[in-house]
Amino acid sequence: MNEWVRGKVVAKRRWKDGLYSMQVDAPIADFTAGQFVKVALDIGGDRVGRPYSLVNPPQERPLEIYFNEIPEGPLTPRLSELEPGDPVWLSAAASGLFTLEGVAPGRELWLLATGTALGVYLSILRTPDPWRAFERVILVHGVRAADDLTYGETIQLLADAHGERFTFVPLVSREVHGEALAGRVTDLLVSGELERRVGVPIAPERSHVMLCGNSAMIKDARAILEGRGLVRRRGQTPGHYTTEHYH
Ligand SMILES: Cc1cc2nc3c(=O)[nH]c(=O)nc-3n(C[C@H](O)[C@H](O)[C@H](O)COP(=O)(O)OP(=O)(O)OC[C@H]3O[C@@H](n4cnc5c(N)ncnc54)[C@H](O)[C@@H]3O)c2cc1C
């Protein structure tokens, strides 16, 4: 049973048709970077809630979520119509285990996202934890079209703050775009092109990999990583990769 708190939209950013970030003021409990809240609206007499990763780091407010509108979905078409000042419900506490808690330190931390899953890593990357536990952090954002590459200012601030310890690799699958690698995360893992771009291999003795986004990518990437000897981390059981499925 969810306990809900009242929130208020304080800002909304429309990146392109159907792609939004929304900032919300709400008195939720402290959270760990990587966790999600439920966001809900009362629709036709029912409270319709869905989980969303928090994009803001735990020490910063307002809360922020990043989402795309699913035209046939019950919640997102209404969520995308909200304006500053509008009320919204949030779960009183965040949940989820897609965090760095319990992850063994290593040489490289790979953060692989498809689409709106980028947001969860922007929370994690704006805490000290990844920079304490890893020598290098590689953020990989896989999208279909170049205008799905969002949060450029935030990524630039991370690059300015962390220099050579931070590498951002955009992947665009349906068009050719500047410095972005062309193709899907899984194809670029199989071909080795992603690791060639970054200059280091993914291997159990040095890497931890976080995978977030669509289930097809995660399923295929898991098979590739396990083929290279990486083991999935589950709860307190140690491992080399961690997953979070959005859909
Ligand atoms: C732990 C967790 C965290 C999540 N965090 C986020 C987040 O930060 N940002 C975000 O955009 N979504 C996130 N999601 C998905 C989100 O909860 C909703 O499912 C999504 O926003 C659609 O809501 P809806 O009610 O409009 O449609 P739903 O009834 O939830 O879904 C309708 C259909 O769309 C598919 N779908 C859901 N999300 C997407 C998507 N992003 N792209 C394409 N198809 C999709 C579903 O599989 C389903 O077939 C998360 C899901 C989980 C389980």
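Each ligand, and each atom within it, is numbered from 1 in the order the structure gives. As a basis for the values below, the full set of heavy atoms in this structure was taken, side chains included, without hydrogen atoms, waters or symmetry mates.
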- Message: If the cut-off is 4.0 Å to any non-hydrogen atom of H245, which atoms of ligand 1 fall inside it?
- Response: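 In order of number, 52 (C), 53 (C).
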Would a 4.0 Å cut-off, counted as strictly less than, catch a protein heavy atom around [atom]?
atom                    : value
atom 6 (C) of ligand 1  : yes
atom 17 (O) of ligand 1 : yes
atom 49 (O) of ligand 1 : no

- Residue, atom name and distance, where the atom is the protein heavy atom closest to atom 21 (O) of ligand 1: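 Nearest protein contact, heavy atoms only, for atom 21 (O) of ligand 1 is Y52 OH, 2.6 Å.
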- Item | Nearest neighbour in protein (non-hydrogen) for atom 19 (O) of ligand 1 |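 It is R50 CD, 3.9 Å.
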- Message: Under 4.0 Å, heavy-atom basis, I'd like to know which part of F36 is in contact with ligand 1: side chain, backbone, both or neither.
- Response: side chain
- Query: Which one holds for F98 and ligand 1: side chain close, backbone close, both close, or neither close, with close meaning a heavy atom under 4.0 Å?
  - Reply: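 Under 4.0 Å from ligand 1, F98 contributes no heavy atoms.
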- If you measure every N/O of P77 against every N/O of ligand 1, is any gap under 3.5 Å? no
- Does atom NZ of K12 have more than 12 heavy-atom neighbours from other groups under 6.0 Å away?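 Count over threshold, so yes.
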- Message: Ignoring hydrogens and geometry beyond distance, is a side-chain donor-acceptor pair present between S91 and W4 at under 3.5 Å?
- Response: no
- Side-chain donor-acceptor pair present, Y66, T150, cut-off under 3.5 Å: yes
- Judged by non-hydrogen atoms, does E69 sit under 4.0 Å from ligand 1? no
- At a 4.0 Å cut-off, with the gap strictly under it, does some heavy atom of P74 reach an atom of ligand 1? yes
- Task: Just jot down the side chain to side chain donor-acceptor pair (under 3.5 Å) partners of D17, sequence neighbours excluded, or say none.
- Result: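 Once residues adjacent in sequence are excluded, the partners of D17 under the side chain to side chain donor-acceptor pair (under 3.5 Å) criterion are R14.
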